[in-house]
Amino acid sequence: MDCLFCKIVAGEIPATPVYQDDEVFAFRDIHPQAPTHILIIPKRHIASVNDLDAADAALVGKLFLTGKRLAAELGIAESGYRLVMNTNADAGQTVFHIHLHLLGGRTLGWPPG
Ligand code: 5GP
Ligand code: ZN
């Protein structure tokens, strides 16, 4: 499958890992939009939030709990952070393997652009 993030999970494309277990991989975004910008992904290919179903509930919960834990470990839990998944064109999704952005380390604008 021609998926950038599946290739990162497989080690075929280099990345800077922050955490991994049997289901989840977290690595630094190549074009960080904040001092801390981590991508948290399932190792299993899922193209977008639109492709999630009830059987994925625990996996999605694990992505968020990984984000929470990494925010604490990286020292941004108290200052604040954002966990966000972009879906399809209007949200600016460019890689069609779901990824939870963990952004923090600066004041983040709201609403996003
Ligand atoms: P999206 O716009 O789909 O929500 O986010 C895709 C993210 O993947 C972007 O923030 C982009 O910088 C990041 N990205 C794209 N290609 C690579 C890559 O090869 N390596 C890493 N680490 N991040 C990437
Ligand atoms: Zn994939």
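Both counts, for ligands and for their atoms, begin at 1 and track the order of listing.
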Check the hydrophobic clustering (I, L, V, M, F, W, Y; side-chain heavy atoms under 4.5 Å; chains of links allowed) and say if Tyr81 and Met85 are grouped together. yes
Would you name the heavy atoms of Ile98 and Pro42 that are closest together and state the gap between them? O-CD, 3.4 Å
Provide the closest heavy-atom pair for Arg44 versus Leu59 in the form atom of the first, atom of the second, distance. NH2-CD2, 3.5 Å
Heavy-atom closest contact (Ala34 atom, Leu108 atom, distance): CB-CD2, 4.5 Å
Atoms of protein origin (N, O or S) under 2.8 Å from the Zn ion (ligand 2): Cys3 SG, Cys6 SG, His45 ND1, His97 ND1
When you look for protein heavy atoms under 4.0 Å from ligand 1, which residues do they belong to? Leu4, Phe5, Ile8, Phe27, Arg28, Asp29, Ile30, His31, His37, Leu39, Asn86, Gly92, Gln93, Thr94, Val95, His99, His101
Tabulate below the donor-acceptor pairs under 3.5 Å that side-chain atoms of residues 66-78 make, not counting sequence neighbours, or state none.
from	atom 1	to	atom 2	distance (Å)
Thr66	OG1	Lys62	O	2.7
Arg69	NH1	Glu73	OE2	2.9

Closest approach of Lys43 and Asp22, non-hydrogen atoms and distance? CD-O, 3.6 Å
Would you please test Leu100 and Ile41 for side-chain contact (heavy atoms from CB on, under 4.5 Å) and show each step? CA-CA 6 Å; Leu100 186 63; Ile41 71 173; over 6 Å; no
Applied to residues 96-108, the side chain to side chain donor-acceptor pair (under 3.5 Å) test, sequence neighbours excluded, yields His37-His101, His45-His97
Less than 4.5 Å apart, any side-chain heavy atom of Val24 and any of Ile40? yes
